[in-house]
2 protein chains.
Amino acid sequence: MPVISTKLRARLLDALAHPNRVRILEAIKSGYTCSCEIAPDLNMEQSNLSRHMKILVERGILIPEREGVRINYRIADEDIFKLLDMAGELVRRNAERSILEEEAG
Amino acid sequence: MPVISTKLRARLLDALAHPNRVRILEAIKSGYTCSCEIAPDLNMEQSNLSRHMKILVERGILIPEREGVRINYRIADEDIFKLLDMAGELVRRNAERSILEEEAG
DNA sequence: TCAATATATGAATATATGAGAAAATACTCA
DNA sequence: TGAGTATTTTCTCATATATTCATATATTGA
């Protein structure tokens, strides 16, 4: 199995390392397919959303498919959600640890 | 099960979103415990390494434990490596997709 | 072709991050 | 306590990123 460079992995993670981009992926998970739907839902400027979308596409996380004037985005690899879930799980456990440490002094 | 905020998840991912921090975690995985060993191994400035270590500690990924002059760092939650592995896997699959697309035209 | 809608981009600004150098701090041991 | 080592902090510069506004581009259908 080839080793994936730290640079490429960091680049993927970096694509996810912004609250708005996590929100965008969740919006898509919940059924939205085009940024014309996502922008009002997330209350983001269209231009700003467009730039975040570009990043997600560039890094291979989303695949754009034009349908008339709109562009539908689909998840390139559904396992990206496993990664996001895992991040949530790690945050949760970390919070628990912090609480335990506080109690222990 | 409580929902973990996009912000916190992005913050965790952001901690991993730098090649050097991925390298640091790999160095620790491979057995290094203190930054005095990691700095020369990764050929990083000590002060620079220190700041990256701080980020990893702040975000709950590493736990520092002083042992005399040195500070040993241990992984707070080994599942962080699952997340890193998954990132590698996603990058790998993405690369394969790109190649297939090229071939398909 | 023109209007309407969706998306992309250039420019400007604010903020964040990364890095190195030097100084400060913390610890151990003689 | 003083020397030596490990680590952190502070300062500063350069670069990267995020955001908004205004404008440009692309697509469809009348």
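Sequence lines set the chain letters: A, B, ... in the order given, protein chains first and strands last, and positions in each chain run from 1.
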Would you say B:Arg70 and B:Thr33 are linked by a side-chain donor-acceptor pair, where the criterion is simply a distance under 3.5 Å?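 Their side chains do contain a donor-acceptor pair, which is all the 3.5 Å distance test asks for.
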Taking atom types as modelled and ignoring hydrogens, do the side chains of A:Asn72 and A:Glu67 form a donor-acceptor contact shorter than 3.5 angstrom?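 Their side chains do contain a donor-acceptor pair, which is all the 3.5 Å distance test asks for.
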Residue mapping more 5' on DNA chain D - nearest nucleotide basis, B:Pro64 or A:Ala17: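 The residue closer to the strand's 5' end, by nearest nucleotide, is B:Pro64.
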Closer to the 5' end of DNA chain D via nearest nucleotide, is it B:Lys54 or A:His18?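 So the residue in question is B:Lys54.
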For A:Ser47, all residues meeting side-chain hydrogen bond (donor to acceptor under 3.5 Å, both in side chains), sequence neighbours excluded: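 So A:Ser47 forms no side-chain hydrogen bond (donor to acceptor under 3.5 Å, both in side chains) with any residue.
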Same cluster or not: are A:Ile55 and B:Val91 linked, directly or through other Ile, Leu, Val, Met, Phe, Trp or Tyr residues, by side-chain heavy atoms under 4.5 angstrom apart?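 Different clusters: A:Ile55 never reaches B:Val91 through Ile, Leu, Val, Met, Phe, Trp or Tyr contacts under 4.5 Å.
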Could you tell me whether A:Ile38 contacts a base, only the sugar-phosphate backbone, or nothing, with contacts defined as non-hydrogen atoms closer than 4.0 Å?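 A:Ile38: no heavy atom of the nucleic acid under 4.0 Å.
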Can you give one letter per nucleotide of nucleotides 20-29 of chain D, 5' to 3': B if a protein heavy atom sits under 4.0 Å from the base, S if only from the sugar-phosphate, - if neither? BBB----BS-
Roughly how far apart are B:Met86 CE and B:Glu89 CD, rounded to 0.5 Å?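 It is 9.0 Å, given to the nearest 0.5 Å.
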Measuring from atom CD1 of B:Ile38 to atom CG of B:Leu25, what distance do you get when rounded to the nearest 0.5 angstrom?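 One gets 8.5 Å once the value is rounded to the nearest 0.5 Å.
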Without swapping roles, check the side chain of A:Arg59 against the backbone of A:Ile61 for a donor-acceptor pair under 3.5 Å.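 No.
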Has the side chain of A:Arg66 got a donor or acceptor atom that lies under 3.5 Å from a matching backbone atom of A:Ile71?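 Such a contact is absent between A:Arg66 side chain and A:Ile71 backbone.
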Take atom CG of A:Leu56 and atom P of D:dA18, then tell me their distance rounded to the nearest Å.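 These atoms are roughly 11 Å apart.
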Could you give the start and end, 5' to 3', of the contact zone on DNA chain C for chain A, using atoms under 4.0 Å from its heavy atoms?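 With heavy atoms of chain A under 4.0 Å away, the range is C:dT5 to C:dA11.
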